[in-house]
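What follows is a short report on a single structure.
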Amino acid sequence: MSAAIVTRELGKRYRSRWALRDCDLELPAGAVIALVGPNGAGKTTLLQLLVGLQQPSAGSVSLFGRPEPGGSAQALAQVGYVAQDHPIYRRFRVSELLHLGRSLNPGWDQDLAERRIEELGIPLRQRTGRLSGGQQAQVALALALAKRPKLLILDEPVASLDPLARREFLQVLMATVVDEGLTVLLSSHNVAELERVCDHLVVVADGRVQLAGDVEALLGEHRVLTGPSGGLPDGPGMIHVDRADRHAHIVARIGDAEPMPGWAARPIGLEELVLAYLRQARDPRPVPSELELSK
Amino acid sequence: MIWVAWRQHRGEFLGMAILLAGLGVLLLTHGVAMHDAFDRLGLRECQLVFLADTDQACIDAVMAFEADYAGLPQQFASWLPFLPMVAGMLIGAPLLAREFEQGTWQLAWTQGVTRTRWLATKLGVVFGVVLVASVVFAAGLSWWFEPVDIQRFSPATFNHAVLVFPAYVLLGVAIGVLAGVLFRRVLVAAAVTIPVYLALRLPIEFGLRPRYREPLTSDDPAVISHGWPIEDLTIGPGDGFPSVRYQPDDRFWQFQLIETAILLGITVLLLAIAWRLVLGRGAVRAGRLQARAPGRRPGARSAPAAAVRPRAARPRTAAGRRRD
């Protein structure tokens with residue numbers, strides 16, 4: 001699979017603070033990529049750098065082999081972007097918003113846009129400011145999809161939606177992705193809601209990429225080890241240790257290897273995996289695993 | 001993109017149209033009646049001798065005419081100088097600040113149109129419409145005020161001529177635009193427009209305007225009445241008419257041109273700063289507002305940063321723009 005997004009030593013500094021640094025990513029085309037991390041981890045910064053809404057302080061971005069995403073109209077036309085809280089012009093009618101899309105985007109697909117709006121049961125004459133949050137998100141998504149982008153980037157697309165609207169939004173999104181085969185990168189601070197939809201994972205915390213890879217492969221490489229609480233093993237591949245009264249749970253990157261005697265291994269869930277890396281980022285322990293992880 | 005800019009600012013344009021229509025109504029009613037009376041009474045000749053001579057019949061006619069008609073135009077002339085400021089608050093301040101406030105800059109900048117074209121079209125459409133509307137408005141006002149004003153250099157005539165008035169309006173809008181870029185909140189930008197406009201306008205109107213050229217000096221009232229005395233006339237008893245420094249009426253258009261050039265110069269400067277901020281690093285600061293931890297008031301500490309950060313970001317973005 002070729003890469004849709006490549007970043008090299010990408011960094012963004014706000015005065016003296018780095019919001020994101022040393023970000024090296026290679027994300028495959030055609031995948032649904034989840035960007036996960038706590039609030040303030042640098043997710044929005046990364047996404048804005050990818051679409052050229054911000055200029056990097058260090059490093060570079062290229063989309064489909066083309067550098068400088070925000071630099072030219074052709075590059076912009078390749079990417080559909082829905083920002084956090086799905087901003088749209090609230091005084092516009094839905095039809096006028098589609099007119100905007102049509103007049104600003106060379107590859108605009110009016111049929112697609114109108115069909116989607118119709119399927120959602122949103123009247124074209126309605127002012128977008130009067131729509132519910134879920135409907136606004138859907139309109140913003142329709143606007144991004146009707147550009148016929150190769151890459152769709154969504155920043156916290158479901159954060160402001162109620163559970164029902166969330167489910168609907170993701171369903172609509174996934175149906176389209178399957179139909180069109182486009183690359184999707186979406187961020188969230190809640191991995192559980194993305195678990196069903198994503199096949200690639202990027203974990204960001206504290207302005208750094210903590211983990212990136214294919215979901216299946218990552219789940220295959222990691223195990224939860226359970227064993228006696230005393231005399232913890234320490235070695236490469238240890239991600240996080242959770243000590244209970246008598247037992248310790250260890251998330252480790254050991255693949256299919258046999259655990260130490262006296263320890264039991266079980267497969268890991270996606271949420272558990274993400275949490276382990278986020279905790280590790282919060283209290284980093286000086287163990288060799290850091291070297292291991294940076295491969 | 002032109003359609004988008006037009007649609008986005010349709011409300012403002014509608015407001016301008018209503019204002020023009022209102023002026024039209026005033027001109028057709030009050031204005032036409034006043035001009036009729038002015039011609040009927042033959043006051044044009046009268047006015048010329050009004051200051052210098054003492055033709056009692058003429059003075060009475062002028063006084064009567066002014067009592068009948070001058071009140072309304074004079075009232076308008078006293079508050080119209082604030083209209084450019086209001087234009088800045090209502091048209092200029094929201095122009096970009098609303099995009100930043102509502103986050104729609106992210107929508108606009110990720111369509112298939114470069115940021116440069118987006119900004120150029122937006123500014124072009126709005127400033128174009130404002131320019132046309134204000135020229136028409138000024139032409140109407142000039143016609144309306146003409147009979148009431150004895151002196152060409154009176155504020156009512158000078159401020160609302162077709163050159164200076166539109167220039168003040170453009171300046172007001174430009175102040176609002178730049179304030180919107182700097183503060184990113186519509187209300188703050190509109191509020192900031194007020195003191196900035198006054199701080200620019202008052203020194204120009206009252207400090208610079210009388211000094212665009214070296215004034216002439218005369219002690220002949222007939223000569224001075226065809227000009228603008230730039231110092232107080234104090235006629236002492238006895239020794240005739242004092243010597244007075246004045247600007248002659250035939251310098252009117254020259255002074256208009258000079259003041260317009262000054263105003264447009266400032267306007268272009270403000271817009272250039274706004275342009276650089278938006279294209280060079282506008283997004284950077286918008287991103288910062290977003291990245292800020294919740295609970296802290298956005299914008300509270302960003303103003304000083306504006307003065308400090310541009311230089312670091314500029315070389316890269318400048319290079320980026322040159323390439324496309």
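Just so we're on the same page: letters track the sequence lines, and every chain starts at 1.
Your options are B:T104, B:V113, B:I2, and the one with the most heavy-atom pairs under 4.5 Å with chain A is B:T104.
Counting heavy-atom neighbours within 6.0 Å of A:R21 CZ, excluding the residue itself, gives a total above 12. Within a 6.0 Å sphere centred on CD of A:Q110, heavy atoms belonging to other residues, nucleotides or ligands number more than 12. Around atom CG of A:L124, more than 12 heavy atoms belonging to other residues, nucleotides or ligands sit under 6.0 Å away.
Heavy atoms of B:E99 lying under 4.5 Å from chain A belong exclusively to its side chain.
A:L50 CG to B:T110 OG1: the interatomic distance, rounded to the nearest 0.5 Å, is 12.5 Å. Distance check, rounded to the nearest 0.5 Å: CD of A:Q54 to CH2 of B:W109 gives 10.0 Å.
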Could you give me the CA-CA distance, side-chain angles and deciding distance for A:L53 and B:W105, then say whether side chain to side chain contact (heavy atoms under 4.5 Å, CB included) is met?
-> CA-CA 9 Å; A:L53 284 176; B:W105 62 280; 3.8 Å; yes
Step-by-step side chain to side chain contact (heavy atoms under 4.5 Å, CB included) determination, B:L107 to A:L143 = CA-CA 10 Å; B:L107 178 73; A:L143 200 60; 3.6 Å; yes
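The closest side-chain donor-acceptor pair between A:Q48 and B:Q106 falls under 3.5 angstrom.
Taking each heavy atom of A:A73 and B:G112 in turn, the nearest pair found is CB-O, 3.5 Å. Of all heavy-atom pairs spanning B:R7 and A:R91, the tightest one is NH2-O, 2.7 Å. B:G103 and A:P87 make their closest contact through O-CG, 3.2 Å (heavy atoms, listed as atom of the first residue, atom of the second, distance).
The aromatic rings of B:W3 and A:H99 lie parallel to each other, with less than 30° between the two planes, well short of the 60° mark.
A heavy-atom distance below 4.5 Å is not found between the side chains of B:R98 and A:Y89. Side-chain contact between A:L76 and B:Q111: absent, with no pair of heavy atoms (C-beta onward) separated by less than 4.5 Å.
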